[in-house]
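Scroll down for the structure; my scribbles are underneath it.
Values below: every heavy atom of this structure, side chains too, minus hydrogens, waters and symmetry copies. This chain uses plain numbering: 1 for the first residue, then up along the sequence.
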Amino acid sequence: SPSTYPPSMMDTIGDEIDELLLPHDDDDDAQDNQHKSFITRDAILFAIDARTTMLPLALTQALAAAANVMSERALAAESDLVGLVLYGTKHTKPLHADQVAFDNIHVLVPLEVTAASSINQLLNIQSNADFGAFGHADDGDTFRFSSLLWSVASIFNSTPAAKQCIRRVIVLTNDPEPCTSQEDRAQSLQRAADLAEQGVSIIPFFLVPEKGAIFEVGAGSFWRGLV
């Protein structure tokens with residue numbers, strides 16, 4: 001289920017995310033669990049909100065948490081795949097140069113067996129708060145959350161090794177309302193349903209929102225529909 005943590009606890013969110021990734025009896029029906037029991041590898045894709053509302057603490061801590069999970073997986077499960085895509089960025093970057101680029105989406109780490117260079121890259125960005133490589137979408141930019149989910153599908157489909165893995169997306173954001181229009185909301189929910197049919201699970205991890213905002217997770221809410 002979605003989680004929310006105050007800034008004082010943000011240094012532990014990597015461990016909390018690892019806990020969320022552990023299997024639970026009520027995650028799927030018995031048939032799906034039986035199928036997954038034969039799969040021993042994980043393919044984990046972090047989708048981190050990089051818009052200005054995440055600056056500076058939430059974004060740096062989210063990157064540190066991703067680096068922490070990468071380090072843990074590199075030591076404990078050497079064949080697992082971990083990648084990271086940023087959304088709401090100024091600069092766009094697809095997984096491969098010859099692929100369609102989705103506006104305000106930046107693939108920072110390909111979905112692959114974790115390399116030390118990828119961990120160091122995240123830690124350097126986090127420790128220096130140097131976001132120049134991807135930047136942040138301008139206030140006038142119309143970011144579409146559905147574009148993120150299209151990008152997620154493209155990344156999984158373009159990574160052959162992920163097809164025989166348990167595939168999950170960890171969305172880290174402090175924005176309770178990521179969709180800017182009803183059209184984007186409907187398209188995002190449809191795209192999430194398509195991902196679920198393809199065996200890709202979405203796990204939201206909520207960071208502390210701006211003052212006065214709350215995350216709605218009840219029946220009929222966007223986040224409930226997404227998962």
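- Listed by chain and residue number, D184 satisfy the side chain to side chain donor-acceptor pair (under 3.5 Å) test with S146 (two or more places apart in sequence, or in another chain).
- When every heavy atom of V85 is checked against every heavy atom of S151, the shortest pair comes out as CG2-OG, 4.3 Å.
- Judged as a ring pair (Phe, Tyr, Trp, His ring centres under 6.0 Å), and not counting sequence neighbours, the contacts of F131 are F134, H136.
- In this structure, CD1 in I44 is found 6.5 Å from CD1 in I170, a value given to the nearest 0.5 Å.
- Applying the side-chain contact (heavy atoms from CB on, under 4.5 Å) test to A43 and every residue at least two apart in sequence or in another chain returns L81, L111, F156, A162, C165, R167.
- For Y87, the ring pair (Phe, Tyr, Trp, His ring centres under 6.0 Å) partners two or more places apart in sequence, or in a different chain, are F143, F145.
- Between A62 and M54, the shortest heavy-atom contact is CB-CE, 4.5 Å.
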Scan the side chains in residues 95-103 for donor-acceptor partners under 3.5 Å anywhere in the protein, sequence neighbours excluded, and list what turns up.
residue: Q99; atom: OE1; partner: H96; partner atom: N; Å: 3.3
residue: Q99; atom: NE2; partner: S158; partner atom: OG; Å: 2.6

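- Residues meeting the side-chain contact (heavy atoms from CB on, under 4.5 Å) test with Q121, sequence neighbours left out: L108, V109, I125.
- The line from CZ of R41 to NZ of K163 is 13.0 Å long, rounded to the nearest 0.5 Å.
- In this structure, the side chain of T89 does not engage the main chain of G135 through any donor-acceptor pair within 3.5 Å.
- Every residue was checked against the ring pair (Phe, Tyr, Trp, His ring centres under 6.0 Å) condition with F46, not counting sequence neighbours, and none meets it.
- Residue pairs meeting the salt bridge (charged side-chain N to carboxylate O under 4.0 Å, His left out) criterion with at least one member in residues 117-132, sequence neighbours excluded, do not occur.
- Of the possible polar contacts, none joining the T159 side chain to the A161 backbone as a donor-acceptor pair under 3.5 Å is found.
- Not counting sequence neighbours, the partners of K90 by the salt bridge (Lys or Arg N to Asp or Glu O under 4.0 Å) test are D138.
- With contacts defined as side-chain heavy-atom distances shorter than 4.5 Å, the pair D80/T114 does not qualify.
- Taking all atoms of both residues into account, the shortest heavy-atom contact from A67 to L123 is CB-CD2, 3.8 Å.
- Under the salt bridge (Lys or Arg N to Asp or Glu O under 4.0 Å) criterion, R51 pairs with D49, D175, sequence neighbours left out.
- For R191, the salt bridge (Lys or Arg N to Asp or Glu O under 4.0 Å) partners two or more places apart in sequence, or in a different chain, are D194.
- Evaluation of the side-chain contact (heavy atoms from CB on, under 4.5 Å) rule for A186 yields no partner, not counting sequence neighbours.
- Ring pair W223/F206 is perpendicular by interplanar angle, where above 60° counts as perpendicular and below 30° as parallel.
- Taking each heavy atom of L189 and G225 in turn, the nearest pair found is CD2-C, 3.6 Å.
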